[in-house]
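Comments concern the structure below.
Sequence lines set the chain letters: A, B, ... in the order given, protein chains first and strands last, and positions in each chain run from 1.
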2 protein chains.
Amino acid sequence: LDARAMAKAQAHLDELTKPPGSLGALEDIARRLAGIRGEVPRRLSRKAHILMAGDHGVVAEGVSAFPQEVTPQMVFNFSRGGAAINVLARHASAELVLVDIGVASDLPELPGLLKRKVAPGTANLARGPAMTREQAIAALEVGIEVASAKIEAGNELLGIGEMGIGNTTPSSAILAVFSGRPVEEITGRGTGVDANRLRLKIKAIQQGLAINNPNPDDPLDVLAKVGGLEIAGMAGVILAGVAMRVPVIIDGFISGAAALVATRLAPLAGEFILASHLSEEPGHAVALELMGLKPMLTMQMRLGEGTGAALGMTLVDAAIMIYHEMATFSQAGISGALKS
Amino acid sequence: LDARAMAKAQAHLDELTKPPGSLGALEDIARRLAGIRGEVPRRLSRKAHILMAGDHGVVAEGVSAFPQEVTPQMVFNFSRGGAAINVLARHASAELVLVDIGVASDLPELPGLLKRKVAPGTANLARGPAMTREQAIAALEVGIEVASAKIEAGNELLGIGEMGIGNTTPSSAILAVFSGRPVEEITGRGTGVDANRLRLKIKAIQQGLAINNPNPDDPLDVLAKVGGLEIAGMAGVILAGVAMRVPVIIDGFISGAAALVATRLAPLAGEFILASHLSEEPGHAVALELMGLKPMLTMQMRLGEGTGAALGMTLVDAAIMIYHEMATFSQAGISGALKS
């Protein structure tokens, strides 16, 4: 990051009519934007939220409360504008970019849908590798390509989110590898599995880790063996953000797993990632802590799609307004702090 | 609250294309709005943020990092639009309503300033009662009057915030009385006092509680003896919200103390209060827990003015959009959950 721009932003923030640091995360965001962009933009002229959809062979183990057909059904719903992320992207004035990177079934041409299918879902990670290394790379490249195009079109903030029945399972598997924590501790109920399915889910992850033996020092190996196509796609979006110096706001547990992969592939990536909410999934706090990120929203959300990221975008707008629109102490003629 | 309207809202929320409950606080807000208003409004046509300014005699004990003259200086800044709350009220499309309920110095006519001074600041609570019982009632009534006028003008959501050098001191005193917790545990650094001033602050509160002996079973007694004019004014805003069935979104520690007073005066008030952020002040979490409220934002903010409440207003807008704009499962043709 641009240390000089950050120091300049900090100096300006400390001149604004408030005690130093008292706007917390709003100030952190402004400082970080300065470091990424070289200055705090006057406003975010365009924002894009990239939603990657993909399926997971591991659903054969009974790890999800919903059938796999919900993935394509939700893609139709996104295309027609009826899902939560459609509403919240509209609330944040962000364009929704919908990508089929690995839905198991064939999808027709749909309004707003980018067809970039790398494979019709992953293989069952509990029985062997979820993807080949080549597939994982291809999915990363889809994310890089889609994000690069959106950045070239003038978007100054990207959000990421996903749709994929079963995808908290590979996310927990990825986190288990990188954190070294026991699977039971970082595996949750996803969109709402009961105790029985939770047991199946933990068993599937443990079995997948034992069979595949992913190498924590080789992030691509982890991504390919126990990851997912939409997770790789989101990691690719982050890598494009790093390369083209655009911040990426992440959502909950699954995009957090993608962010972990990205930060292992490119350690500087953490500086370009903004955390949005803390999800109900128990592993999410662990993933954020590994990356040194602090969530801004605690709303007991566990939907995915990027719903938390979209809400977080409005906080980034607020941070930019604070930076540019507040008066300084000298403009307002306000006294400074007393000596103790 | 209207239990039938809440049940109807819950049924609608459960038909939307998401796992039940997966939007957490956004669903809670929609349900609560239904209970307060009888239905979830299509949108909040108008929102008002009421900022009460008042001074505190206890600053003579050296409890604040800033001199008392900052209170009127900031009122000028609010009137000219240069403070953080001006920016964030604009971000939330809310009108800012500025009230001098007890600034120590005389203020001229200023654009947007309502002059409702009950007294030129409180007396020093460390040496005797901060207010008479009559003053506390008059300040409550100012809040009720200002809020009622704004509700009659069509505002469907009120925010509260404050300006008053030294006002975390009476807030900690109020919380100490109602929570029974030790003063040291629930007293923090406010806008940034050092260790020396923090010791003076704790001593002033302990002394004020010993001298005044406020009766926890008589909320008006607590408010008068160790409270503040702007704290009473904010409590009045909440009481008006309860009476006229309009939700009130609170800010950080000081408006949290006002909310505590309001909920002790009118136990139903808690149902009409929405929490916004969790402030850095250690007592804030204690106050919210006493009222059974959960904050939505964790942004390490400690500025006051209602900055967190203004950010929270945008989340209320999001909740309303979610309720009205998402598709239902049957509209979208999406499969339900699997049997276990």
Side-chain angles (χ1 to χ4, degrees), chain A residues 16-26 28 64-67 69-70 73-74 76-77 80-84 86-88 90-91 191-194 196-197 278 280 294-303 307 311 314-315 317-318 321-322 325-327 331-338 340, chain B residues 16-26 28 64-67 69-70 73-74 76-77 80-84 86-88 90-91 191-194 196-197 278 280 294-303 307 311 314-315 317-318 321-322 325-327 331-338 340:
Chain A
L16 301 177
T17 50
K18 55 169 186 54
S22 61
L23 283 177
L26 293 177
D28 291 339
S64 177
F66 286 85
E69 69 210 37
V70 169
Q73 287 169 347
M74 283 301 294
F76 278 90
N77 196 23
R80 282 192 298 249
N86 297 99
V87 176
L88 296 180
R90 201 149 59 226
H91 176 258
T191 46
V193 296
D194 59 21
N196 182 38
R197 284 193 189 279
L278 180 67
E280 288 290 272
K294 275 188 192 166
M296 299 185 283
L297 295 153
T298 44
M299 298 183 68
Q300 299 85 49
M301 286 164 59
R302 51 181 170 79
L303 175 57
T307 44
L311 287 176
T314 68
L315 302 173
D317 287 331
M321 287 177 68
I322 283 288
E325 298 181 20
M326 275 183 74
Q331 281 168 344
I334 290 172
S335 309
L338 296 164
S340 190
Chain B
L16 301 177
T17 49
K18 56 171 185 52
S22 61
L23 283 176
L26 292 177
D28 292 339
S64 177
F66 286 86
E69 69 208 39
V70 169
Q73 287 169 349
M74 283 301 295
F76 279 90
N77 195 24
R80 281 192 299 249
N86 297 100
V87 176
L88 296 181
R90 202 149 57 229
H91 176 257
T191 46
V193 297
D194 58 22
N196 181 38
R197 284 192 189 278
L278 180 67
E280 288 290 272
K294 274 188 192 167
M296 299 185 283
L297 294 152
T298 43
M299 298 183 70
Q300 299 85 48
M301 286 164 60
R302 52 180 170 79
L303 176 57
T307 44
L311 287 177
T314 67
L315 302 173
D317 286 330
M321 288 177 67
I322 283 289
E325 298 181 21
M326 274 183 73
Q331 281 168 344
I334 289 171
S335 309
L338 297 164
S340 189

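Within the 4.5 angstrom heavy-atom criterion, no atom of A/Asn86 approaches chain B. The parts of A/Glu325 that come within reach of chain B are both its backbone and its side chain, each placing non-hydrogen atoms under 4.5 angstrom from that chain. Within the 4.5 angstrom heavy-atom criterion, no atom of B/Leu16 approaches chain A. No part of A/Phe76 comes within reach of chain B, as not one of its non-hydrogen atoms sits under 4.5 angstrom from that chain.
In plain terms, the two heavy atoms of A/Pro19 and B/Leu303 that are nearest each other are CD-CD1, 3.4 Å. Counting all heavy atoms, side chain and backbone alike, B/Asn77 lies closest to A/Ala327 at OD1-CB, 3.7 Å. The two atoms that bring A/Leu311 and B/Ala318 nearest to each other are CD2-CB, 3.7 Å, heavy atoms only. Residue A/Leu297 comes nearest to B/Thr298 through the heavy atom pair N-OG1, 4.3 Å, listed as atom of the first residue, atom of the second, then distance.
For B/Glu280, the side-chain contact (heavy atoms from CB on, under 4.5 Å) test picks out B/Gln300, B/Arg302, with sequence neighbours left out. For A/Pro20, the side-chain contact (heavy atoms from CB on, under 4.5 Å) partners two or more places apart in sequence, or in a different chain, are A/Asp14.
Contact check for A/Ser335 versus B/Gln73: side-chain heavy atoms found under the 4.5 Å cut-off. In this structure, the side chains of A/Leu88 and B/Leu26 come closer than 4.5 Å at one or more pairs of heavy atoms.
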- Query: Given B/His91 and A/Ile322, is the side chain to side chain contact (heavy atoms under 4.5 Å, CB included) satisfied, shown in steps?
  - Reply: CA-CA 9 Å; B/His91 176 257; A/Ile322 283 288; over 6 Å; no

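Of the inter-residue distances, the one linking B/Leu315 atom CG with A/Leu315 atom CG reads 7.0 Å to the nearest 0.5 angstrom. For the atom pair NZ of A/Lys18 and CE of B/Met301, the computed distance is 11.0 Å after rounding to the nearest 0.5 Å.
Chain A forms the most heavy-atom pairs under 4.5 Å with one residue out of B/Arg90, B/Arg80, B/Gln331, and that residue is B/Arg90. Highest contact tally toward chain B, considering only A/Gly82, A/Gly192, A/Pro295, A/Gly24, is held by A/Gly82 [criterion: heavy-atom pairs under 4.5 Å]. Of the listed residues (B/Lys294, B/Met74, B/Met296), the greatest number of heavy-atom pairs within a distance under 4.5 Å of chain A belongs to B/Met296.
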